[in-house]
Student: 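Quick one: this structure, given as structure tokens, is what I'll be asking you about.
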Amino acid sequence: MHKFSENNPLVYTVKNRCRVCYTCVRDCPAKAIRIINGQAEVITERCIACGSCVKVCSQGAKTFYESISPVEKLLLSDEKVIACVAPSFPAEFTAIKDYRLFAAMVKKLGFDKVVEVSFGADVVAKKYKEKFKTDNDKLVISSDCPAIVNYITQYYPDLVQNIAKIASPMLAIDRIVRKEYGDAIKTVFIGPCIAKKAETDEIDEVLTFTELRKMFEAHGIKQQNVTGMEFDPPHAGKGSLFPVSRGLLQNIDKLGEEIDNDILVTHGHANFKDALEEVASGSIKLKYLEMLSCDGCIMGPGMSKSKKRFKRQSKIVNYVKHKLENLDTLKWEKNIKKFETINLSRELNTNDCRLAKHEEDDIAAILASMGKKSASDFLNCGACGYSTCMEHAIAIIDGLAESEMCLPYTIEQLHNSFEKINRSKSKLKDAKLALEHSEKLAGMGQLSAGIAHELNNPLGVITMYSNILKEETEPGSPMYQDLELITEQVDRCKTIVGGLLNFARKNQVRLVERNFEQFAKHSFDSLLKPDNVKAEFKSDLQNPMVWIDNDQMAQVLTNLEKNAVEAMPEGGVLSVGLTEVKNDIKLTISDTGTGISKENIDKIFTPFFTTKGIGKGTGLGLPLIYGIIKMHKGKISIESNDNPEKGQTGTTFIISFPRNGKFDTE
Ligand code: ADP
Ligand code: MG
């Protein structure tokens with residue numbers, strides 16, 4: 001028998017298989033699974049080896065110490081090895097037609113003898129019966145299920161004194177076969193249970209039925225190629241009923257006569273935990289308490305995964321029926337007498353693993369960190385593996401759980417992260433658009449500079465010669481009119497070329513300190529305003545001094561004001577306003593004109609985009625402004641309405657730039 005420890009655990013996680021579904025956390029009756037960095041880990045010192053986690057894990061991520069190799073080694077040695085088969089074997093090997101074939105298959109693996117543990121159960125049952133006779137006033141807790149015994153010694157140390165210090169049927173049969181076959185033997189228990197692997201070191205090895213199946217397969221042992229044989233003696237009686245619920249009880253004839261009705265038999269861990277809680281708190285008074293961690297030993301974790309509990313149960317009952325019909329009662333009684341004197345006592349020690357109680361404030365703080373502050377936040381959804389938010393919080397303090405296990409909390413965190421990502425995504429998009437725009441402008445600038453340069457000289461020549469010709473021609477003659485048209489159109493060309501050169505040059509600013517209020521007012525006053533346009537100028541600047549490039553900023557104001565006036569052919573109101581927000585100057589230029597349509601608003605900063613007729617607009621005003629404002633480290637935004645149904649039409653350009661852009665190192 002192996003000594004299990006943290007380094008050599010009985011039950012453990014296969015980490016790369018764990019998908020962190022918390023099913024094992026939910027199912028572990030001993031809170032022996034901790035989640036660390038999103039991985040479920042078995043805490044060996046808390047584990048009661050019930051195998052619940054092994055049973056519920058759909059990924060096969062929980063497994064247990066494998067005994068096939070040590071057993072194979074024993075079988076290959078010169079030792080005399082005896083197999084002790086648990087009474088639940090008919091429930092596992094349902095396809096084997098006769099128990100005699102099964103016994104022969106086990107023997108074929110190389111065992112010297114194959115005996116049934118059931119005879120141990122017979123002897124143990126008798127011992128319990130005697131105990132009730134002598135010890136009738138104190139609660140007796142059956143010690144048959146090793147997982148339950150572990151649970152009580154670890155979590156109900158005060159109840160350890162009530163556990164019957166009587167050997168389990170496995171331990172009993174071990175001592176019996178040693179008496180029968182001599183001490184120089186090795187024993188291998190074969191059964192449905194994982195906890196048995198750690199129950200006692202008197203037995204040499206413990207195989208589960210699933211491991212036995214693997215050995216049959218590995219050795220090619222099938223029922224077709226063996227000749228049936230009876231189990232080796234001593235033969236069992238009712239003890240074979242043991243694995244179905246009320247097993248031991250059914251085995252103790254007329255138990256009721258001795259101990260009345262104060263008996264409780266439970267199976268499954270929800271039930272045993274409740275039963276212990278009630279017994280410990282004194283809410284029920286019992287004389288006999290038998291608990292099985294599994295749904296009877298026929299559903300043990302060392303068996304194949306099957307939900308057919310009742311089929312398994314009927315297989316056991318059929319087997320026992322057949323057995324009792326053929327039982328040589330005289331011989332059985334003789335055997336019982338023979339082993340009556342055998343030592344059936346066992347030692348039990350407490351191993352207190354109870355967790356400390358925590359302060360309410362500490363629990364509340366953990367709950368608050370998961371966004372659980374008021375009653376409505378406590379969903380108790382169980383997704384984390386704990387039945388209440390409170391239990392989860394306590395487990396976090398105990399270092400067993402993590403706050404990320406809370407699904408609603410994690411979903412909320414995820415939503416927040418999504419929002420953050422979306423926000424930065426849209427910022428990125430804006431930045432990308434701005435970058436594309438300035439790249440386009442830079443490209444345009446180079447192109448226009450080139451073209452403008454080339455065109456400027458020939459245009460000068462045309463102007464000069466057309467003016468000379470004009471002077472030599474009689475005014476009013478058709479030729480004179482034609483020449484006048486030429487000079488007029490050449491002037492237009494020069495304006496465009498001038499604009500292009502201007503646009504191309506705008507990659508540098510020369511900042512000087514100016515009184516912006518006076519500066520803007522001057523520009524506003526110099527603008528030619530038709531009579532039907534009402535013009536307003538307003539300044540709220542506390543400190544009017546700012547750093548700007550005079551010429552360029554003058555162009556910004558003039559261009560925007562001109563655009564506003566041009567957008568109001570039927571008249572309206574032009575308002576220019578100055579305010580300051582912290583260290584920024586905010587300039588707004590509003591009109592009550594036509595407004596800009598949605599589809600145009602994205603295009604107005606594109607060079608040469610104009611809605612004004614040929615000869616009227618160049619489409620270079622706004623791109624120029626954009627460049628100048630950027631050079632002043634400022635921002636430009638537009639609000640516009642072109643739909644009279646939605647209220648007053650018109651456009652507002654809002655420009656803001658730092659007052660001391662010269663010193664701003666950003
Ligand atoms: P241009 O004035 O030579 O057309 P701009 O670059 O100054 O070139 O303006 C581009 C276009 O933006 C204009 O043709 C017009 O359609 C639109 N726009 C600019 N400002 C206004 C405004 N205040 N109201 C309505 N439309 C405007
Ligand atoms: Mg313009």
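Note that ligands are numbered from 1 as they come in the structure, with each ligand's atoms numbered from 1 the same way. Keep in mind it's a predicted model, so treat the numbers as computed, not measured. FYI, the numbering just counts along the sequence from 1.
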Student: Which ligand 1 atoms does I596 reach within 4.0 Å, using its non-hydrogen atoms?
Tutor: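 In order of numbering, the contacting atoms are 25 (C), 26 (N), 27 (C).
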Student: Can you tell which of T592, N563, L574 gets a heavy atom nearest to atom 7 (O) of ligand 1?
Tutor: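 Result: the heavy atom closest to atom 7 (O) of ligand 1 is in N563.
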Student: Considering the options R26, E41, K62, which one meets the side-chain contact (heavy atoms from CB on, under 4.5 Å) requirement together with I33?
Tutor: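 Answer to the side-chain contact (heavy atoms from CB on, under 4.5 Å) test with I33 among R26, E41, K62: K62.
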Student: Answer yes or no: is there a donor N or O on one side and an acceptor on the other, between the side chain of H632 and the main chain of I628, under 3.5 Å?
Tutor: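 At least one qualifying donor-acceptor pair exists.
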Student: For T618, take its heavy atoms, then give the atoms of ligand 1 lying under 4.0 Å from any of them.
Tutor: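 It comes down to these atoms of ligand 1: 3 (O).
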Student: Can you find an N/O atom of E566 closer than 3.5 Å to an N/O atom of ligand 1?
Tutor: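 Such a contact does not occur with ligand 1.
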Student: Would G619 count as a contact of ligand 1 if the rule is a heavy atom under 4.0 Å away?
Tutor: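 The answer is yes: ligand 1 sits under 4.0 Å from a heavy atom of G619.
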Student: Looking at F609, which atoms of ligand 1 are within less than 4.0 Å of one of its heavy atoms?
Tutor: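 Those qualifying, in numeric order: 10 (C), 11 (C).
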Student: Taking the six-membered ring for Trp, are the ring centroids of Y12 and F64 within less than 6.0 Å of each other?
Tutor: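 No, the ring centres sit 6.0 Å or more apart.
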Student: Could you check whether K372 makes a cation-pi contact with Y409, meaning its NZ or CZ is under 6.0 Å from the centre of the six-membered ring and within 45° of the ring axis?
Tutor: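 Because its charged atom misses either the 6.0 Å distance or the 45° angle limit, K372 does not stack over Y409.
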Student: Under 2.8 Å from the Mg ion (ligand 2) - does any N, O or S atom of T618 fall there?
Tutor: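 Not a single backbone or side-chain N, O or S atom of T618 is under 2.8 Å from the Mg ion (ligand 2).
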Student: Give a yes or no answer on whether the side chain of T23 reaches the backbone of C57 with a donor-acceptor pair at less than 3.5 Å.
Tutor: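 Here the side-chain-to-backbone pair does not exist.
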Student: So for atom CE, which belongs to M479, do other residues, nucleotides or ligands contribute more than 12 heavy atoms lying within a distance under 6.0 Å?
Tutor: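 No, not enclosed.
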Student: Report yes or no: does a heavy atom of F605 sit under 4.0 Å from some atom of ligand 1?
Tutor: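 Contact check F605 vs ligand 1: negative.
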Student: What I want to check is whether the side chains of E404 and T410 have a donor and an acceptor closer together than 3.5 Å.
Tutor: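 E404 vs T410: no donor-acceptor pair found between side chains.
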Student: Contact between P623 and ligand 1, counting heavy atoms under 4.0 Å?
Tutor: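 Contact present.
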Student: With the threshold set at 4.0 Å, does a side-chain nitrogen-carboxylate oxygen contact exist between K586 and E580?
Tutor: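 Judged by the 4.0 Å cut-off on N to carboxylate O distance, K586 and E580 do not form a salt bridge.
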Student: Is it true that the side chains of K612 and N563 contain a donor and an acceptor less than 3.5 Å apart?
Tutor: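 Result is yes, a qualifying pair exists.
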Student: Taking only heavy atoms of I604, which atoms of ligand 1 are found under 4.0 Å from at least one of them?
Tutor: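 Contacts of ligand 1 toward I604, numbered from 1: 12 (O), 17 (C).
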Student: Can you tell me the protein heavy atom closest to atom 2 (O) of ligand 1 and the distance?
Tutor: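 Checking every protein heavy atom, the shortest distance to atom 2 (O) of ligand 1 gives K612 NZ, 2.7 Å.
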Student: Assess, by modelled atom type and distance only, whether the side chains of T588 and S590 contain a donor and an acceptor separated by less than 3.5 Å.
Tutor: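 T588 vs S590: no donor-acceptor pair found between side chains.
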Student: Need the ligand 1 atom indices (1-based, order shown) with element for anything under 4.0 Å from a heavy-atom of T610.
Tutor: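 Those of ligand 1 that fall under 4.0 Å from T610 are 1 (P), 4 (O), 14 (O).
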Student: Check ligand 1 against G617 and write out every atom of the ligand that is under 4.0 Å from a heavy-atom position of the residue.
Tutor: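 It comes down to these atoms of ligand 1: 3 (O).
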Student: For atom 23 (N) of ligand 1, what's the nearest protein heavy atom and its distance?
Tutor: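 Going atom by atom, the protein heavy atom closest to atom 23 (N) of ligand 1 ends up being D591 OD2, 2.8 Å.
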Student: Hey, is N559 one of the residues with a heavy atom under 4.0 angstrom from ligand 1?
Tutor: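 Contact check N559 vs ligand 1: negative.
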Student: Under 4.0 Å between a side-chain nitrogen and a carboxylate oxygen: does that hold for K470 and E472?
Tutor: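 No, K470 and E472 are not salt-bridged.
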Student: Does even one non-hydrogen atom of N600 get within less than 4.0 Å of ligand 1?
Tutor: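 Outside the 4.0 Å threshold, so no.
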Student: Please report whether ligand 1 has a polar contact with L622, defined as an N or O pair separated by less than 3.5 Å (distance criterion only).
Tutor: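 Yes.
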Student: Could K529 and F524 be counted as a cation-pi pair, given that NZ or CZ must be under 6.0 Å from the ring centre and within 45° of the axis?
Tutor: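 Yes; both conditions hold, so K529 lies above the ring face of F524.
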Student: Near A567, which atoms of ligand 1 are under 4.0 Å from a heavy atom of that residue?
Tutor: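 So the answer, numbered in order with elements, is 22 (C), 24 (N), 25 (C).
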Student: Which atoms of ligand 1 sit under 4.0 Å from any heavy atom of T611?
Tutor: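 Matching atoms, with element in brackets: 13 (C), 14 (O), 15 (C), 16 (O).
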